[in-house]
Amino acid sequence: MADAVTSQTIFDNERTAIMKFTNISDGTGESAVLKVDVSALNPSASGAVCDRVTVTKIYIANHGMEVRMFFDASTDVPFFLSSSGATQTLDMTGFGGIPNDGGAGVTGDIMFSTADASSGDTYWCILEMTKGYA
């Protein structure tokens, strides 16, 4: 079996993307699973392809497992860890958000991993992001 996961784009315009993710675990968890594929987001009005996002808000609730978020690169760069049983709202718009500083091999994408997952553990997460273009 595998965890039951969903990904949903709630809003995607030229400047902002908002996406929701859920997981109901069977105990296997997730390991470096692609959640935000920036190339799949809507292009700019001039047709430029989105190549990165800055995370400006994170809403998350989880029960029984940790959720780890990474910017995808040759060596993934962690930017958020939600501990087991946490409910958090993080608004980082006051300082512009968490930019993707993935370094070598950066793709612009965001990956999730979970830790300490048991059958029946869950999370839901909403990411609000500002889009960037090459």
Side-chain angles (χ1 to χ4, degrees):
M1 290 185 60
D3 288 8
V5 298
T6 65
S7 296
Q8 176 187 7
T9 301
I10 296 172
F11 183 78
D12 182 7
N13 71 5
E14 185 170 52
R15 176 106 173 112
T16 302
I18 302 171
M19 299 181 74
K20 180 184 83 164
F21 312 98
T22 65
N23 178 317
I24 301 171
S25 185
D26 67 354
T28 57
E30 295 178 287
S31 180
V33 174
L34 176 63
K35 296 295 184 171
V36 179
D37 178 353
V38 293
S39 67
L41 296 173
N42 288 331
S44 70
S46 65
V49 175
C50 180
D51 68 347
R52 67 191 172 283
V53 291
T54 297
V55 178
T56 55
K57 294 181 185 177
I58 301 172
Y59 307 89
I60 190 164
N62 60 322
H63 170 75
M65 65 178 144
E66 294 178 351
V67 179
R68 299 171 181 178
M69 299 178 197
F70 305 85
F71 292 121
D72 186 39
S74 297
T75 301
D76 293 340
V77 177
F79 69 89
F80 180 78
L81 167 65
S82 178
S83 60
S84 172
T87 300
Q88 298 174 287
T89 300
L90 301 172
D91 183 345
M92 297 159 288
T93 55
F95 62 87
I98 303 171
N100 186 335
D101 57 355
V106 65
T107 65
D109 297 335
I110 294 177
M111 317 287 277
F112 282 21
S113 291
T114 59
D116 303 323
S118 299
S119 183
D121 290 354
T122 62
Y123 75 75
W124 70 258
C125 175
I126 295 174
L127 294 181
E128 186 170 325
M129 302 160 285
T130 301
K131 296 164 62 175
Y133 303 92

Taking every non-hydrogen atom, the tightest pair across [X] and [Y]:
{"X": "S74", "Y": "G105", "result": "OG-CA, 3.4 Å"}
{"X": "G120", "Y": "H63", "result": "O-CD2, 4.5 Å"}
{"X": "D121", "Y": "S118", "result": "OD2-N, 2.8 Å"}
{"X": "A2", "Y": "D26", "result": "N-OD2, 3.0 Å"}
{"X": "S113", "Y": "A32", "result": "OG-N, 2.7 Å"}
{"X": "S25", "Y": "A117", "result": "OG-CB, 3.6 Å"}

For this session: Please answer whether the main-chain N or O of G29 pairs with a side-chain N or O of D3 as donor and acceptor at a distance below 3.5 Å.
Result: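 Side chain of D3 to backbone of G29, a donor-acceptor pair under 3.5 Å: yes, one is there.
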
For this session: Look only at the side chain of T9 and the backbone of F11, and say whether a donor-acceptor pair between them is shorter than 3.5 Å.
Result: no

Seminar exercise, completed: Value for CE (M111) from CG (D72), rounded to nearest 0.5 Å, stands at 4.5 Å

Problem set entry | Nearest-0.5 Å distance that lies between atom CG in D51 and atom CG in D109 |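 So the gap between those two atoms works out to 10.5 Å.
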
Out of curiosity, does [Y] fall in the hydrophobic cluster containing [X] (side-chain heavy atoms, cut-off under 4.5 Å, transitive links)?
{"X": "I18", "Y": "V67", "result": "no"}
{"X": "V55", "Y": "M69", "result": "yes"}
{"X": "F80", "Y": "M65", "result": "yes"}
{"X": "F70", "Y": "I60", "result": "no"}
{"X": "V38", "Y": "F79", "result": "yes"}

Side-chain heavy-atom pair [X], [Y] within 4.5 angstrom cut-off:
{"X": "M19", "Y": "I110", "value": "no"}
{"X": "V77", "Y": "D101", "value": "yes"}
{"X": "V53", "Y": "L41", "value": "yes"}
{"X": "I98", "Y": "F71", "value": "yes"}
{"X": "N42", "Y": "K131", "value": "yes"}
{"X": "D76", "Y": "R68", "value": "no"}

Quick one: side chain to side chain contact (heavy atoms under 4.5 Å, CB included) partners of [X], sequence neighbours excluded?
{"X": "E14", "result": "S44, A45, Y133"}
{"X": "S119", "result": "none"}
{"X": "F95", "result": "M92"}

For this session: Decide side chain to side chain contact (heavy atoms under 4.5 Å, CB included) for L81 and E66; before the verdict, give the C-alpha distance in whole Å, the side-chain angles of both, and the deciding distance to 0.1 Å.
Result: CA-CA 7 Å; L81 167 65; E66 294 178 351; 3.8 Å; yes

Hey, can you pull the donor-acceptor pairs under 3.5 Å for the side chains in residues 122-130, sequence neighbours left out?
from, atom 1, to, atom 2, distance (Å)
Y123, OH, E30, OE1, 2.6
Y123, OH, K35, NZ, 3.4

Exercise. Going by side-chain heavy atoms closer than 4.5 Å, which hydrophobic residues are tied to V5, directly or by a chain of links?
Worked result: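 Listed partners: none, V5 stands alone.
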
Exercise. Looking just at side-chain N and O atoms, do D91 and T93 make a donor-acceptor pair shorter than 3.5 Å?
Worked result: yes

For this session: Any pair with a residue in residues 12-59 that passes ring pair (Phe, Tyr, Trp, His ring centres under 6.0 Å), sequence neighbours left out, goes on the list, sorted by first then second residue, please.
Result: F21-F112

